[in-house]
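Quick one: structure below, then a few questions.
In what follows, every chain begins at residue 1, and chains take the letters A, B, ... in the order their sequences are listed.
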Amino acid sequence: MPDPCRPAPLLRYAPPGRPGCSCRQPADKRDPMTVRTRFAPSPTGYLHVGGARTALFSWLHARRHGGTFVLRVEDTDLERSTAESVNAILEGMTWLGLEYDEGPLFQTERFDRYQEVIDGLLEQGHAYRCDCPRERLDVLRAKQMERKEKPKYDGHCRTRDIDPTTPHVIRFRTPIEGTVGFDDMIRGRVTWENSELDDLVIRKSDGSPTYNLAVVVDDLDMRISHVIRGEDHVSNTPRQVHIFRALGAHVPVFAHVPMILGDDGARLSKRHGAVSVMQYREEGILPEALLNYLVRLGWSHGDQEIFSVDEMVALFDLESVNKSASTFNTDKLLWLNQHYITQADPAHLARELSWHLGQLGIDPSDGPELIEVVRAQQGRAKTLVELAAISAFFYRDPADYDAKAAKKHFKAAALEPLSRAREALAGLASWTPEVLHALVEGVAAELEVGMGKIAQPLRVAVSGRAATPGIDVTLDLVGRDACLRRIDRALDYIREQAESAV
RNA sequence: GUCCCCAUCGUCUAGUUGGCCUAGGACACUGGCCUCUCACGCCGGCAACAGGGGUUCGAAUCCCCUUGGGGACGCCA
């Protein structure tokens with residue numbers, strides 16, 4: 001019976017700033033049954049939607065079971081890892097609200113530990129040195145491909161005794177016979193013939209560990225109970241299982257989530273447009289909408305479509321995650337986004353919107369109260385970008401008229417209703433939606449026409465567009481001065497049109 | 001090419017131990033209602049169990065094959 005407070009030396013893990021022995025940690029963190037999940041991105045780019053969903057599932061699983069969520073940066077590839085990527089990923093996680101309990105931990109800070117493990121593996125004969133030149137490997141691979149075989153290392157150095165002082169890599173000695181397998185929470189039992197595997201490199205010639213070695217050591221040291229990651233990792237798993245066993249360790253539970261595909265059925269990539277999580281923010285997507293969209297991609301709870309984060313935490317379970325890949329569908333994301341914009345607290349939305357208005361060169365402090373504009377417009381836009389665009393007229397005169405709207409509502413016949421309305425507006429004692437509503441109705445009654453005959457020309461005159469909130473609210477927010485000024489301009493425009501038409 | 005995985009409307013999916021499925025919901029599309037416009041909302045429509053064999057009284061649900069798709073085959077992660 002191993003003492004949980006005294007893990008074998010190989011399993012030691014010292015998170016930065018914490019005591020090395022888990023004895024000093026709270027009881028729940030010492031319990032081997034405690035759920036511990038991790039998100040382990042490699043910092044070679046931004047956080048994309050696929051990674052974000054994996055992170056979400058991991059986070060959800062930890063939260064659901066009162067466990068711990070660890071963020072680990074897999075930066076063993078010194079060539080490609082960048083600090084900017086680390087920041088971009090952290091920024092994305094923060095924006096989505098996927099807070100981690102431990103980390104970020106960096107693999108580059110644990111090289112000594114990997115070396116220690118590799119030494120042990122070497123000593124016990126689970127690994128060996130290999131100095132096969134690249135050319136040899138290339139030829140080998142080419143020949144195998146030619147023979148229509150799966151390219152694999154042939155174990156050339158298995159029994160050779162390579163001088164440790166000469167350049168070499170270290171390979172893991174994979175069992176030649178038998179099978180390996182693991183139980184996946186999403187896909188069930190998956191097995192391989194060991195003969196399908198080869199002796200993978202676990203330490204590069206520059207001394208750094210490879211991915212397959214580092215993940216195993218980290219997941220072990222960090223006592224990860226559930227490895228939740230993309231399906232593209234299933235084929236790595238049997239190799240990792242072998243390493244876990246060679247280390248005499250228990251393998252964690254695996255859950256490989258299906259891929260997210262682009263519209264063309266291929267794996268999601270940059271060419272599919274906005275796949276960076278932060279780009280969605282710039283395009284005016286609310287984080288709760290993205291989260292809701294992502295959680296429903298591959299997971300479901302009956303027919304429910306709308307999930308607050310609290311509901312996700314309460315209902316999410318890995319067992320009901322789909323096995324098949326799914327296609328990213330922007331339309332549905334937009335639908336959710338509109339839903340969340342409609343539901344959002346106006347004050348909160350106003351803060352979000354002001355940035356987007358700023359992008360249009362508008363200072364929302366100069367004009368109607370932004371929160372009132374939000375109340376009037378909320379629910380009329382699918383994104384914050386769109387919300388800003390349709391709200392700009394509250395803060396500045398329309399630069400031009402929507403062509404179709406002008407053509408339809410700025411006919412000569414609109415002159416009379418518009419001038420009547422202008423007169424009435426100019427003489428108004430008070431300026432409230434109620435009064436304005438009555439005014440428009442009054443003008444319509446006077447001219448014996450429908451309300452639309454008055455409201456539409458007015459709307460286009462004041463906003464430049466065919467669609468705005470109710471005419472009363474619109475006029476109210478635009479304000480008397482701007483309304484009169486814009487109506488005058490519209491009257492001029494209509495007269496000009498009429499003249500040039502003759 | 002080899003291995004692994006997957007397969008219900010265009011898309012996301014329900015379909016929990018085979019019968020209640022003449023396959024349900026949502027997005028998109030679409031007809032209508034509401035209406036000062038747009039959006040929302042409401043009512044309706046279109047649209048799927050990849051194909052073929054089995055097993056069974058009975059299969060979208062189980063098995064096999066085919067086909068299709070994805071992933072992996074790196075001193076990348």
Side-chain angles (χ1 to χ4, degrees), chain A residues 40-44 74-77 79-81 107 130 132 134 137 141 144-153 168-171 184 187-188 190-193 195-198 200-206 208-212 214-215 229-238 256 258-259 261 263 265-267 293 296-306 319-320 322-336 338-339 342 377-382 390 405 409 437 440-441 444 450-456 458-460 463 465-472 474:
Chain A
S42 62
T44 53
E74 312 229 314
D75 55 352
T76 55
D77 186 350
E79 307 271 301
R80 278 180 268 191
S81 301
Q107 293 189 320
C130 165
C132 288
R134 303 235 185 201
L137 267 18
R141 203 165 295 145
Q144 287 165 329
M145 293 285 259
E146 218 170 280
R147 272 179 276 149
K148 299 189 188 302
E149 287 170 10
K150 180 194 270 188
K152 286 182 316 196
Y153 179 64
H168 64 274
V169 299
I170 295 175
R171 290 183 183 271
D184 191 289
R187 8 193 48 93
V190 188
T191 57
W192 276 262
E193 292 291 330
S195 57
E196 287 295 332
L197 275 22
D198 67 355
L200 65 152
V201 171
I202 56 176
R203 196 186 76 165
K204 308 174 196 172
S205 51
D206 67 0
S208 60
T210 59
Y211 164 75
N212 279 303
V215 238
R229 58 184 12 167
E231 190 191 355
D232 48 337
H233 285 287
V234 299
S235 52
N236 284 319
T237 310
H256 289 96
M259 303 271 86
L261 276 23
D263 313 308
R267 190 174 165 178
Y293 178 72
R296 280 286 289 105
L297 212 53
W299 176 79
S300 60
H301 181 73
D303 285 337
Q304 189 171 343
E305 294 287 353
I306 305 293
E319 285 88 349
S320 34
N322 256 182
K323 288 198 264 278
S324 49
S326 39
T327 308
F328 194 90
N329 181 220
T330 306
D331 279 334
K332 189 157 184 183
L333 204 213
L334 291 174
W335 170 71
L336 281 164
Q338 175 158 33
H339 169 82
T342 307
Q377 292 283 44
Q378 200 171 9
R380 261 176 246 273
K382 291 182 183 301
I390 64 173
H409 303 292
H437 188 84
V440 175
E441 266 183 339
M451 207 169 148
K453 287 276 186 266
I454 312 299
Q456 279 308 87
L458 261 182
R459 170 170 282 119
V460 180
S463 71
R465 23 178 76 247
T468 75
I471 193 65
D472 44 3
T474 301

Candidate nucleotides C12(B), A39(B), C5(B), ranked by approach to the side chain of Glu231(A) - the nearest: C5(B)
Nucleotide nearest Arg459(A) when distance is taken to its side chain, options C36(B), C4(B), A39(B): C36(B)
Sugar-phosphate only, base, or nothing, as touched by Ile471(A) at under 4.0 Å among non-hydrogen atoms: base
Touch class at under 4.0 angstrom, heavy-atom based, for Ser320(A) against every strand present: nothing
Rounded interatomic separation in angstrom, taking CZ from Arg229(A) and C1' from C4(B): 14 Å
Mind listing the N/O atom pairs, protein and nucleotides 75-77 of chain B, below 3.5 Å?
{"residue": "C75(B)", "atom": "O2", "partner": "Ser205(A)", "partner atom": "N", "Å": "2.8"}
{"residue": "C75(B)", "atom": "O2", "partner": "Ser205(A)", "partner atom": "OG", "Å": "2.7"}
{"residue": "C75(B)", "atom": "N3", "partner": "Ser205(A)", "partner atom": "OG", "Å": "3.1"}
{"residue": "C76(B)", "atom": "OP2", "partner": "Lys204(A)", "partner atom": "NZ", "Å": "2.6"}
{"residue": "C76(B)", "atom": "O4'", "partner": "Arg80(A)", "partner atom": "NH2", "Å": "3.0"}
{"residue": "C76(B)", "atom": "O2'", "partner": "Asp77(A)", "partner atom": "OD2", "Å": "2.8"}
{"residue": "A77(B)", "atom": "OP1", "partner": "Thr76(A)", "partner atom": "OG1", "Å": "2.7"}
{"residue": "A77(B)", "atom": "OP1", "partner": "Asp77(A)", "partner atom": "N", "Å": "3.4"}
{"residue": "A77(B)", "atom": "OP1", "partner": "Lys204(A)", "partner atom": "NZ", "Å": "2.8"}
{"residue": "A77(B)", "atom": "OP2", "partner": "Tyr211(A)", "partner atom": "N", "Å": "3.0"}
{"residue": "A77(B)", "atom": "O3'", "partner": "Glu74(A)", "partner atom": "O", "Å": "3.3"}
{"residue": "A77(B)", "atom": "O3'", "partner": "Glu74(A)", "partner atom": "OE1", "Å": "3.3"}
{"residue": "A77(B)", "atom": "O2'", "partner": "Ser42(A)", "partner atom": "OG", "Å": "3.2"}
{"residue": "A77(B)", "atom": "N6", "partner": "Asn236(A)", "partner atom": "OD1", "Å": "3.1"}
{"residue": "A77(B)", "atom": "N6", "partner": "Asn236(A)", "partner atom": "ND2", "Å": "3.1"}
{"residue": "A77(B)", "atom": "N1", "partner": "Asn236(A)", "partner atom": "ND2", "Å": "3.2"}

Atom-to-atom span, CD of Glu305(A) to C1' of U11(B) - whole angstrom: 12 Å
Pairwise distance CZ(Arg203(A)) to CD1(Ile170(A)) - rounded to 0.5 angstrom: 4.0 Å
Proximity of His233(A) and Tyr211(A) rings by center, below 6.0 Å: yes
Arg187(A) bridged to Glu231(A) by N-O distance under 4.0 Å: yes
Side chain to side chain donor-acceptor pair (under 3.5 Å): pairs with one or both residues in residues 326-335 of chain A, sequence neighbours excluded: Glu305(A)-Lys332(A)
Glu79(A) atom CD, over 12 foreign heavy atoms within 6.0 Å: no
Rounded interatomic separation in angstrom, taking OH from Tyr153(A) and P from A72(B): 24 Å
Whole angstrom value for the distance that separates C1' of C29(B) from NZ of Lys332(A): 15 Å
Rounded interatomic separation in angstrom, taking CD from Gln338(A) and P from C38(B): 15 Å
From Leu197(A) atom CG to Lys150(A) atom NZ, the distance as rounded to the nearest 0.5 Å: 7.0 Å
Sugar-phosphate only, base, or nothing, as touched by Pro469(A) at under 4.0 Å among non-hydrogen atoms: base
Any Thr327(A) side-chain nitrogen or oxygen under 4.0 Å from OP1 or OP2 of C12(B): yes
Euclidean distance for C1', G51(B) against A14(B) (whole angstrom): 24 Å
Span that lies between the P atom of U61(B) and that of C20(B), in whole angstrom: 13 Å
Residue Trp192(A), side-chain heavy atoms: nucleotide from C3(B), G1(B), C40(B) that is nearest: C3(B)
Watson-Crick/G-U partner (both atom distances under 3.5 Å) of C57(B): G19(B)
Side chain of Arg296(A) (C-beta onward), nearest among C5(B), C38(B), G25(B): G25(B)
Gap between atoms CD and C1', on Gln378(A) and C38(B) respectively (whole Å): 16 Å
Watson-Crick or G-U wobble partner of A72(B), both distances under 3.5 Å: U2(B)
Phosphate contact (C73(B) OP1 or OP2) by Ser235(A) side-chain N/O below 4.0 Å: no
Whichever of Ala466(A) and Arg147(A) has its nearest RNA chain B nucleotide further upstream toward 5': Arg147(A)
Touch class at under 4.0 angstrom, heavy-atom based, for Gly450(A) against every strand present: nothing
Spacing of Ile471(A) atom CD1 and His437(A) atom NE2 [to the nearest 0.5 Å]: 11.0 Å
Gln304(A) side-chain N/O to Ile306(A) backbone N/O, donor-acceptor pair under 3.5 Å: yes
A50(B) - base-pair partner by Watson-Crick or wobble geometry, distances under 3.5 Å: U66(B)
Distance, nearest 0.5 Å, that separates CZ of Arg296(A) from CG of Asn322(A): 9.0 Å
Separation between CG of Asn212(A) and CG of Leu200(A), rounded to the nearest 0.5 Å: 5.5 Å
Donor-acceptor pair under 3.5 Å, Arg187(A) side chain vs C5(B) base: no
Pairwise C1' distance for C42(B) and C34(B), with rounding to whole Å: 8 Å
Ser326(A) vs U13(B): side-chain N/O to OP1/OP2 distance below 4.0 Å: yes
Spatial distance of atom CZ (Arg229(A)) from atom CG (Asn236(A)) [nearest 0.5 Å]: 6.5 Å
Protein-nucleotide distance (Leu200(A), atom CG; C3(B), atom P), rounded to Å: 20 Å
Met145(A) CE - A72(B) P separation (whole Å): 14 Å
Return the polar atom pairs (N/O with N/O) between nucleotides 48-50 of chain B and the protein under 3.5 Å, or none.
none

Sidechain-backbone polar pair: Thr44(A) side chain, Arg80(A) backbone, donor-acceptor under 3.5 Å: no
Options C27(B), U13(B), C4(B), nucleotide nearest the side-chain atoms of Trp335(A): C27(B)
